[in-house]
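Let me begin by presenting the structure, written as structure tokens, before commenting on it.
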Amino acid sequence: MTEAASSIPTHTKAWYYSQHGSPDVLKLDPNWPLPELKDDQVLIKVVAASLNPIDYKRMNGLYKDYDPHLPTVPGFDVAGVVVSVGREVHKLKVGDEVYGDINEEGVTNLKALGTLSEYTIAEERLLAIKPPNLSFVEAAAIPAALETAYEGLERAQFSAGKSILVVGGAGGVGHFVIQLAKHLYGASKIAATSSTGKLELLRKLGADWAIDYTKENIEDITEKFDVVYDTIGEPDRALKAVKEGGKAVTIIPPGLPPAIFFVLTSKGSILDKLRPYFESGIVKPLLDPKTPVPFSHLVEAYSYLETSRAIGKVVVYPI
Ligand code: NDP
């Protein structure tokens with residue numbers, strides 16, 4: 001065995017759960033066996049991982065019909081360093097700093113080994129090279145939420161000169177929807193909702209109109225929008241705020257036609273496409289004040305995310 005091969009780990013420290021439930025089911029395993037690398041995969045030394053609501057929904061057993069694997073290491077988003085590559089990996093090499101959402105399909109074919117682990121594994125096509133100006137914490141905050149924001153705007157055929165209402169503008173997905181609508185697409189007007197304390201934040205992100213949902217109902221607003229992007233799971237109300245001929249997008253199952261519902265397909269190519277916006281600092285991940293959360297505090301971090309009060313992204317670092 002070469003020196004390089006012998007330094008490739010066979011086991012990893014990882015958080016896992018072997019029964020469904022609240023974040024208290026999480027346990028730390030110092031010696032989780034790493035699966036063999038497939039030809040199109042890379043092994044990553046995880047530096048930072050961000051949390052997504054899908055993690056606690058999956059942990060609660062919401063997707064158990066499609067996701068029977070137990071025990072499971074949670075975590076979709078990673079930023080880290082490539083330590084080994086499969087035979088069919090052509091672009092990435094050992095030492096590359098990468099980031100991405102390691103689950104290609106949002107709720108099916110999920111990996112048993114997630115990113116809340118010292119090492120994780122992902123297909124090359126799900127990853128992108130980390131822009132050097134982003135820290136690992138910032139990079140880990142981006143993949144799933146940004147790709148969801150982008151895929152929803154694309155599915156709604158959002159384009160320059162259109163108006164948008166972002167329902168839930170301060171969350172992981174919403175804060176990227178606002179920024180992409182403004183800087184990538186050239187929205188004519190961006191409205192977004194939050195509770196009272198986050199209205200100024202919505203304006204800083206690029207909203208022209210910050211709506212306090214504790215005081216105003218979106219369906220009662222006389223102005224209607226070309227696109228309404230619902231990140232909170234109220235498509236019935238979102239549909240009432242859409243202009244005739246406009247579109248509503250919702251990302252919480254089961255959706256409500258004619259609102260467009262989709263489940264994210266993770267693609268490193270979206271991160272590559274949007275790279276100039278991160279390099280220039282025009283689009284930025286918003287980090288929750290609790291970020292970075294130490295690896296040892298994962299249970300508390302998921303419990304906090306589960307309150308649905310997080311601002312932007314919660315990132316675990318260092319791992
Ligand atoms: P977050 O946990 O980051 O969202 C938290 C934010 O939501 C808070 O800042 C909160 O602001 C805001 N919020 C909560 N309730 C409301 C409300 N009634 N009106 C306005 N804002 C509200 O979640 P994410 O953004 O990461 O994800 C949002 C949802 O989308 C989750 O359910 C997630 O599972 C789903 N999702 C689906 C995907 C798909 O592929 N279909 C992909 C990604 C996410 P405040 O405190 O001001 O209320």
Side-chain angles (χ1 to χ4, degrees), residues 23 50-60 62-63 66 74-77 101 103-108 110 140-156 165-180 191-205 207 210-219 221 228-238 241 248-256 259-267 270 285-291 301-315:
S50 79
L51 309 186
N52 288 286
I54 181 88
D55 293 324
Y56 62 70
K57 292 182 183 179
R58 183 185 182 199
M59 207 181 309
N60 280 324
L62 201 63
Y63 302 115
Y66 329 99
F76 281 53
D77 284 328
D101 164 3
N103 282 305
E104 189 157 26
E105 299 162 38
V107 291
T108 47
L110 298 178
I142 292 172
L146 175 89
E147 292 173 28
T148 304
Y150 177 78
E151 186 169 340
L153 288 165
E154 284 291 292
R155 284 178 183 255
L165 167 62
V166 186
V167 185
V173 176
H175 89 281
F176 280 129
V177 177
I178 294 173
Q179 294 183 76
L180 293 184
T193 67
S194 75
S195 56
T196 317
K198 297 177 182 170
L199 298 172
E200 190 46 41
L201 172 71
L202 298 182
R203 291 187 198 102
K204 280 197 186 132
L205 288 165
I211 300 169
D212 184 341
Y213 71 75
T214 69
K215 300 200 174 115
E216 264 182 294
N217 291 322
I218 57 166
E219 62 270 39
I221 294 170
V228 180
Y229 196 127
D230 164 39
T231 76
I232 65 161
E234 295 185 348
D236 49 334
R237 303 174 73 196
V249 183
T250 186
I251 54 174
I252 320 256
L256 179 68
I260 299 161
F261 168 74
F262 71 97
V263 175
L264 170 67
T265 305
S266 167
K267 289 187 188 122
I270 296 176
L286 173 67
L287 301 177
D288 182 90
K290 289 195 194 302
T291 292
Y302 271 129
S303 302
Y304 171 59
L305 191 74
E306 216 170 358
T307 64
S308 287
R309 296 281 83 80
I311 300 173
K313 295 292 298 179
V314 178
V315 182

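Whatever order the structure lists ligands and atoms in, that order sets their numbers, starting from 1.
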Starting from the N and O atoms of ligand 1, find every protein N or O within less than 3.5 Å and list the pair with its distance.
{"unit_1": "ligand 1", "atom_1": "3 (O)", "unit_2": "G172", "atom_2": "N", "d": "2.9"}
{"unit_1": "ligand 1", "atom_1": "9 (O)", "unit_2": "K198", "atom_2": "NZ", "d": "3.0"}
{"unit_1": "ligand 1", "atom_1": "9 (O)", "unit_2": "A310", "atom_2": "O", "d": "2.6"}
{"unit_1": "ligand 1", "atom_1": "11 (O)", "unit_2": "K198", "atom_2": "NZ", "d": "3.2"}
{"unit_1": "ligand 1", "atom_1": "15 (N)", "unit_2": "R309", "atom_2": "NH2", "d": "3.3"}
{"unit_1": "ligand 1", "atom_1": "25 (O)", "unit_2": "G172", "atom_2": "N", "d": "3.1"}
{"unit_1": "ligand 1", "atom_1": "25 (O)", "unit_2": "V173", "atom_2": "N", "d": "2.9"}
{"unit_1": "ligand 1", "atom_1": "32 (O)", "unit_2": "K57", "atom_2": "NZ", "d": "2.6"}
{"unit_1": "ligand 1", "atom_1": "34 (O)", "unit_2": "K57", "atom_2": "NZ", "d": "2.8"}
{"unit_1": "ligand 1", "atom_1": "40 (O)", "unit_2": "L264", "atom_2": "N", "d": "2.7"}
{"unit_1": "ligand 1", "atom_1": "41 (N)", "unit_2": "I251", "atom_2": "O", "d": "2.8"}
{"unit_1": "ligand 1", "atom_1": "41 (N)", "unit_2": "F262", "atom_2": "O", "d": "2.8"}
{"unit_1": "ligand 1", "atom_1": "46 (O)", "unit_2": "K198", "atom_2": "NZ", "d": "2.6"}
{"unit_1": "ligand 1", "atom_1": "46 (O)", "unit_2": "R309", "atom_2": "NE", "d": "2.7"}
{"unit_1": "ligand 1", "atom_1": "47 (O)", "unit_2": "S195", "atom_2": "N", "d": "2.8"}
{"unit_1": "ligand 1", "atom_1": "47 (O)", "unit_2": "S195", "atom_2": "OG", "d": "2.5"}
{"unit_1": "ligand 1", "atom_1": "48 (O)", "unit_2": "Y213", "atom_2": "OH", "d": "2.4"}
{"unit_1": "ligand 1", "atom_1": "48 (O)", "unit_2": "R309", "atom_2": "NH2", "d": "2.8"}

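For the residue pair E306 and P23, the shortest heavy atom distance occurs at OE1-CD, 3.2 Å.
Cation-pi geometry between K57 and Y63 is not satisfied (NZ or CZ under 6.0 Å from the ring centre, within 45° of the ring normal).
No side-chain heavy atom of F261 sits less than 4.5 Å from a side-chain heavy atom of V249.
Here K204 does not pair with E200 in a salt bridge; the nearest charged N to carboxylate O distance is not below 4.0 Å.
Distance check, rounded to the nearest 0.5 Å: CD of E219 to CD of E234 gives 8.0 Å. Atom OG1 of T148 and atom OH of Y229 lie 6.0 Å apart (nearest 0.5 Å).
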